[in-house]
Amino acid sequence: MALAITLVMMVAEVIGGLLSNSLALLSDAGHMLTDALALGLSFFAMKFATMPATERKTFGFYRLEILAALANGTVLLLMSLFIMYQAYGRLLAPQPVEGTLMLGIAGLGLLVNVAGALFLMKFREANLNIRGAFLHIIGDALSSVGVIIGGIIILYTGWYLIDPILSIVIAVAIIIGAGALVIESVGILLESVPSHINLVVVAEAISGIKGVREAYHIHVWTITSGVYALSAHVLIDDQPVSVSREVLDEIRSLLSRKFKILHSTIQLECEKCDMGQACSLPVQAGKNRAGTS
């Protein structure tokens, strides 16, 4: 639904921008084109993400969502820079703009953007890809508000410079949101620790379980939005395998309950691993020690 109404409004804004000679309106139409691409990319990425894992793609296709979000953010940044370049030319040589048509099309665009945002709002926090699409729609809504303000000023004052000035303001607002999206996407692709997780706290929590002496070489990363994975070495007391299984189950329950980590690979050991840099990460904790090294 969001994709369909965005495509219809994009065509209307292209026509209105050409007829009114409004750069702000044409910029908004260009932004809507990126929105349509972003929404289409998001839709197909989410469809592919449901495909089962294979022998070569052992985590399935979840990362397509992150790649789509990165592409969306990058396109937004490039489009914003292009808008600013065009606006600079208009600042040097202001051009007349048809304020009435500009105002009418922008008002319609705002209504369309609000409708699209309502379709995506409730899912934006659960999925990074939908969040990217939602940011596109919000950026368009801000653009429409700016164009409406510009149309009113042009109608009552004839000050045509407001058109490129608003275009620059809109572009800056889009860059801020798109930049955050790109940074988060890159962080996931670099397998950074999720923002809500502290490795020291994770190590201390695992080490607090009965039978566990120390947790170290801990790695935590995001597979896709809301899906977190962990690998760790856990030093335990020398005990029967049946008891070790109980310790393992308790660790996994703790990770799921406290840190929302549902996928974990844990190596249980009675002697500390001596592989050195092969699997090391400078975070470890034990019953008598916690911190970084």
Quick check: closest heavy atoms across [X] and [Y], and the distance to 0.1 Å?
X      : Y      : value
Leu161 : Pro94  : CD2-CG, 3.6 Å
Ile83  : Ser167 : CG2-O, 3.6 Å
Pro194 : Val220 : CD-CG1, 3.7 Å
Gly179 : Leu77  : N-CD2, 4.0 Å
Tyr228 : Phe259 : CD1-O, 4.4 Å
Ser244 : Leu268 : O-CD1, 3.9 Å

Could you check Leu230 against Val202 for side-chain contact (heavy atoms from CB on, under 4.5 Å), going step by step and ending with a plain yes or no? CA-CA 10 Å; Leu230 172 145; Val202 173; 3.9 Å; yes
Quick check: do [X] and [Y] have side-chain heavy atoms less than 4.5 Å from each other?
X      : Y      : answer
Ile261 : Ile197 : yes
Leu108 : Glu13  : no
Leu110 : Val145 : yes
Trp221 : Ser231 : yes
Val8   : Val112 : no
Ile175 : Met84  : yes
Leu255 : Ile251 : yes

Tell me whether the count of non-hydrogen atoms from other residues, nucleotides or ligands lying under 6.0 Å of CG in Asp249 goes above 12. yes
Out of curiosity, [X] [atom1] to [Y] [atom2], how far, rounded to the nearest 0.5 Å?
X      : Y      : atom1 : atom2 : value
Thr74  : Met79  : OG1   : CE    : 13.0 Å
Leu92  : Arg90  : CG    : CZ    : 12.0 Å
His263 : Arg252 : NE2   : CZ    : 9.0 Å
Thr222 : His196 : OG1   : NE2   : 7.5 Å
Arg63  : Ile188 : CZ    : CD1   : 7.0 Å
Ile168 : Gln86  : CD1   : CD    : 11.5 Å

Report yes or no: does Ser80 contribute a side-chain atom to a donor-acceptor pair with the main-chain N or O of Leu76 at less than 3.5 Å?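 Confirmed, Ser80 side chain pairs with Leu76 backbone.
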Side-chain donor or acceptor of Arg213 paired with backbone N/O of Ser207 under 3.5 Å: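 A pair under 3.5 Å: no.
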Can Ser20 and Ile105 be said to form a side-chain contact (heavy atoms from CB on, under 4.5 Å), step by step? CA-CA 10 Å; Ser20 65; Ile105 297 294; over 6 Å; no
Residue among Ile152, Ile154, Ile149 satisfying side-chain contact (heavy atoms from CB on, under 4.5 Å) with Leu103: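 The single option meeting the side-chain contact (heavy atoms from CB on, under 4.5 Å) with Leu103 is Ile152.
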Aromatic rings Tyr216 and His233: how do their planes relate, parallel, tilted or perpendicular, breaks at 30° and 60°? tilted
Same cluster or not: [X] versus [Y], using hydrophobic residues (I, L, V, M, F, W, Y) connected whenever any side-chain heavy atoms lie under 4.5 Å apart?
X      : Y      : result
Ile209 : Leu262 : no
Leu199 : Val201 : yes
Leu81  : Ile183 : no
Met102 : Leu91  : yes
Met10  : Leu78  : no

Walk me through it: do Ile266 and Ile206 pass the test side-chain contact (heavy atoms from CB on, under 4.5 Å)? CA-CA 11 Å; Ile266 299 169; Ile206 295 175; 5.9 Å; no
Kindly determine whether Leu70 and Val182 satisfy side-chain contact (heavy atoms from CB on, under 4.5 Å), including the steps that lead there. CA-CA 5 Å; Leu70 177 61; Val182 168; 3.8 Å; yes
